[in-house]
Amino acid sequence: MSGSALKAGVLSALATAALLLIAALAWGFASYTSDGPAARQGDDTVVVLRSGAGVSEIAGTLAEAGVVRSATAFRVAAQLTGADRGLRAGEYRIESRASLAEVLETLRSGDVARHFVTIPEGWSVAQAIDILNAEEVLTGTIDEIPAEGSLLPDTYEVTRGETRQSVIARMQAAQVALMEELWPTRAQGLPFSTPEQAVILASVVEKETGLAEERPRVAAVFVNRMRLGMRLESDPTVVYGVSGGRPLGRGLRRSELARQTPYNTYQIPGLPPTPIANPGRQAIEAVLNPPATHDLFFVADGTGGHIFAPSYQEHLQNVARWRQIERARAAVPGEAVATPESPASPSAPSEGAAADQTSVP
């Protein structure tokens, strides 16, 4: 073969290779940017990439979920683009027909789906369990029921597939950490001696008022009463003894206020045996460092808060004003009336804290 013929053959082969390379690159680019598979259900597909997963595992997860057509194609695209070094774990929602380029960009962005569970202050363990059971991203059952008051109310971020029992454990650990932080800061001379007792009293304070600014003053009332050896006479404790932490859904009855239960602070001295709810940070802080007051009583003031009194006589006057508000509201058609929890509530409260307008003699 002559030199010119050899040269021509080489040039022809190079041209063919170049054409093949161009065709391969064009095909690869088209595959990289063209629409991917349609979602099997709905408008997107949820995939969860575990922490520590390599590109091969991620590719397999995506292919199994139907997000990409080929695990190999995804792996090659990730390696060629350098995306394999920046893929992030978490839960992602991949839009239907997302291209390989779009999938890789989503996984590199770290724009993961986030889920939160909120346990409100003053909710019981039973209510907290209801919240966790209703959260669809969580798994498993709660076989170890936590003690009342052992959960710290807060908003917790959870991940899809996390067990409900593990979230309970996190809430308990948060409560332990909070008490380890706050207990050493307590005031001197408090009428209780353990963190557990502080949580019990804080749970009562939490249930007595829905206003954050009132918690310290409500706490002071109960601390003052305990110092004097007076009964707490708190309606929420009676409710807990009746319902076990579930909303009662009606007012307290005379018979329930007179019923002997370990939680009826009209009948028992001191604190109930356990918390009656899960108190939040502010309620715990309030009982550990209550303001110096002489208040021993409080009753609703008609605005959603309470009016406080240091003497029983002054308290009776406050109760009388509250009854006037009730009667005025009842006389206005369509006006909401803040009905006392006890439908048989008389015009005068007991000698106790008269915890809101529900006290009876």
Side-chain angles (χ1 to χ4, degrees), residues 28-29 31-119 128-129 131-146 150-178 180-181:
F29 182 77
S31 299
Y32 183 65
T33 58
S34 63
D35 287 348
R40 292 167 181 168
Q41 290 184 337
D43 297 326
D44 53 36
T45 301
V46 175
V47 292
V48 179
L49 308 181
R50 72 173 185 85
S51 179
V55 66
S56 294
E57 180 181 333
I58 291 173
T61 299
L62 295 174
E64 184 178 352
V67 170
V68 298
R69 291 190 173 90
S70 166
T72 300
F74 175 87
R75 186 173 64 253
V76 170
Q79 292 169 339
L80 288 177
T81 60
D84 58 327
R85 296 185 294 274
L87 302 180
R88 302 185 184 182
E91 177 184 335
Y92 295 88
R93 290 187 176 274
I94 309 297
E95 292 186 2
S96 179
R97 297 191 180 281
S99 66
L100 268 176
E102 291 169 331
V103 172
L104 282 168
E105 180 56 31
T106 298
L107 302 190
R108 293 178 69 179
S109 71
D111 186 16
V112 297
R114 303 180 70 187
H115 305 282
F116 299 91
V117 171
T118 298
I119 304 300
I129 288 175
I131 291 173
L132 294 177
N133 284 336
E135 181 51 66
E136 295 180 353
V137 303
L138 298 178
T139 61
T141 58
I142 300 172
D143 299 320
E144 298 178 21
I145 305 300
S150 67
L151 310 179
L152 181 64
D154 205 343
T155 296
Y156 295 84
E157 184 167 4
V158 298
T159 58
R160 183 177 294 276
E162 187 174 1
T163 67
R164 295 177 174 88
Q165 195 73 60
S166 68
V167 178
I168 287 283
R170 280 205 281 144
M171 294 175 176
Q172 289 179 304
Q175 174 74 310
V176 170
L178 178 65
E180 289 176 349
E181 172 194 345

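Computed from a predicted model, the values in this text were never measured in an experiment.
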At what distance, to the nearest 0.5 angstrom, does CD of Glu91 lie from CG of Leu49? 10.0 Å
Of Val47, Val137, Val112, which meets side-chain contact (heavy atoms from CB on, under 4.5 Å) against Arg160? Val137
Could you walk me through whether Asp44 and Ile94 pass the side-chain contact (heavy atoms from CB on, under 4.5 Å) check? CA-CA 5 Å; Asp44 53 36; Ile94 309 297; 5.9 Å; no
Locate the shortest heavy-atom distance separating Ile58 from Ala53; write the atom from each residue and the value. CD1-O, 3.8 Å
Are the side chain of Arg164 and the backbone of Leu138 linked by a donor-acceptor contact shorter than 3.5 Å? yes
Would a distance-only check, ignoring hydrogens and angles, find a side-chain to backbone donor-acceptor pair under 3.5 Å from Ser96 to Ala38? no
Please determine whether side-chain contact (heavy atoms from CB on, under 4.5 Å) holds for the pair Met171 and Leu152, giving the CA-CA distance in whole Å, both sets of side-chain angles, and the decisive distance to 0.1 Å. CA-CA 5 Å; Met171 294 175 176; Leu152 181 64; 5.6 Å; no
Can you give me the closest heavy-atom contact between Thr45 and Ala65, atom names plus distance? CG2-O, 3.8 Å
Take Glu162 and His115 through the side-chain contact (heavy atoms from CB on, under 4.5 Å) test and state the conclusion after the steps. CA-CA 11 Å; Glu162 187 174 1; His115 305 282; over 6 Å; no
May I ask you to test the Arg170-Val158 pair for a side-chain heavy-atom distance under 4.5 Å? yes
Quick one: does Thr141's side chain have a donor or acceptor within less than 3.5 Å of a partner on Asp143's backbone? no
Taking all non-hydrogen atoms of both residues, which atom of Arg108 and which atom of Ala83 are closest, and how far apart? CD-CB, 3.4 Å
At what distance, to the nearest 0.5 angstrom, does CG of Asp111 lie from CD of Glu105? 10.0 Å
Is there a donor-acceptor pair closer than 3.5 Å between any side-chain N or O of Gln165 and the backbone N or O of Glu144? yes
Heavy-atom side-chain proximity of Gln172 to Ile168 below 4.5 angstrom: yes
Grab the two heavy atoms, one from Arg75 and one from Ser56, that are nearest each other, plus how far apart they are. CD-OG, 3.5 Å
Quick check: closest heavy atoms across Leu107 and Tyr92, and the distance to 0.1 Å? O-OH, 3.4 Å
Which heavy atom of Gly161 sits nearest to which heavy atom of Thr139, and what is that distance? O-OG1, 3.0 Å
Atom pair OH (Tyr156) and CG (Leu151), whose distance is rounded to the nearest 0.5 Å: 7.5 Å
